[in-house]
Amino acid sequence: MNFKLIMVFTDIDKTDKLLDAARQAGATGATIISSARGQGLNKAIGIFGLELLNPRDVILVLVEQRRADHVLETLVQAGGLDEKLDTGIAIMLDVEKALGLTEHIRKLAKDIPPEQA
């Protein structure tokens, strides 16, 4: 099977909403990396001249290739990622090999057939 890795960089308060959306779209689960830091187009400077870095979560979702576009679009819509600056970004990468997912895919195929994804 071919897989894609979807990475979403988003505000912490959107994480649960995005996880629910990913599952409903056909993802079998996700890994969350908490309190990641990043910068946008411009540095945010607070009082005393210190740079402000809002913590974000990085959500990693491994998805079957045939479901990947649907899951990605669902995540973008659920997180409002294309609405304005600083809402987060999502990227999708090819996965050369993934092991340990056979039973996940079988269960998912019963619950959400690929034709519905």
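Treat the numbers as computed from the prediction; the structure is a model and nothing was measured.
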Heavy-atom check, side chain of Val63 versus side chain of Met92, under 4.5 Å: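 When only atoms from C-beta onward are counted, Met92 and Val63 do not touch, as no gap falls below 4.5 Å.
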Could you check whether any side-chain heavy atom of Pro55 comes within less than 4.5 Å of a side-chain heavy atom of Ile12, counting everything from C-beta outward? yes
Nearest 0.5 Å, what's the [atom1]-[atom2] distance between [X] and [Y]?
X     : Y      : atom1 : atom2 : answer
Glu73 : Asp82  : CD    : CG    : 8.0 Å
Asp20 : Thr15  : CG    : OG1   : 11.0 Å
Thr28 : Glu103 : OG1   : CD    : 12.0 Å
Asp69 : Ile6   : CG    : CD1   : 8.0 Å
Leu5  : Ile91  : CG    : CD1   : 7.5 Å
Thr10 : Ile32  : OG1   : CD1   : 12.0 Å

List the atom of [X], the atom of [Y], and the distance in Å for their closest heavy-atom pair.
X     : Y     : answer
Met7  : Leu60 : CG-CD2, 3.6 Å
Ser35 : Asp57 : N-OD1, 3.6 Å
Gly79 : Leu18 : N-CD2, 3.5 Å
Leu72 : Ala90 : CD1-CB, 3.7 Å
Val71 : Ala27 : CG2-N, 4.2 Å

Scan Arg66, Gln65, Glu64 and name whichever one has a side-chain contact (heavy atoms from CB on, under 4.5 Å) with Asn2.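 The single option meeting the side-chain contact (heavy atoms from CB on, under 4.5 Å) with Asn2 is Gln65.
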Going by side-chain contact (heavy atoms from CB on, under 4.5 Å), Val8 matches just one of Val58, Val76, Val61, Leu81. Which one?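 When Val58, Val76, Val61, Leu81 are each tested with Val8, the side-chain contact (heavy atoms from CB on, under 4.5 Å) holds only for Leu81.
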Do Phe9 and Leu93 belong together in a cluster built from hydrophobic side chains that touch within less than 4.5 Å?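 Yes, it is one cluster - the side chains of Phe9 and Leu93 are joined through contacts under 4.5 Å.
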Salt bridge (charged side-chain N to carboxylate O under 4.0 Å, His left out) pairs, two or more places apart, involving residues 88-101: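 As it turns out, the salt bridge (charged side-chain N to carboxylate O under 4.0 Å, His left out) pairs with a partner in residues 88-101, which skip direct neighbours, are Lys4-Asp94.
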Can you sort out the partners of Ala98 under side chain to side chain contact (heavy atoms under 4.5 Å, CB included), two or more places apart, ordered by chain and number?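 Once residues adjacent in sequence are excluded, the partners of Ala98 under the side chain to side chain contact (heavy atoms under 4.5 Å, CB included) criterion are Phe3, Leu62, Val95, Leu101.
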Those residues that, when tested against Asp11, pass salt bridge (charged side-chain N to carboxylate O under 4.0 Å, His left out) (two or more places apart): Arg56
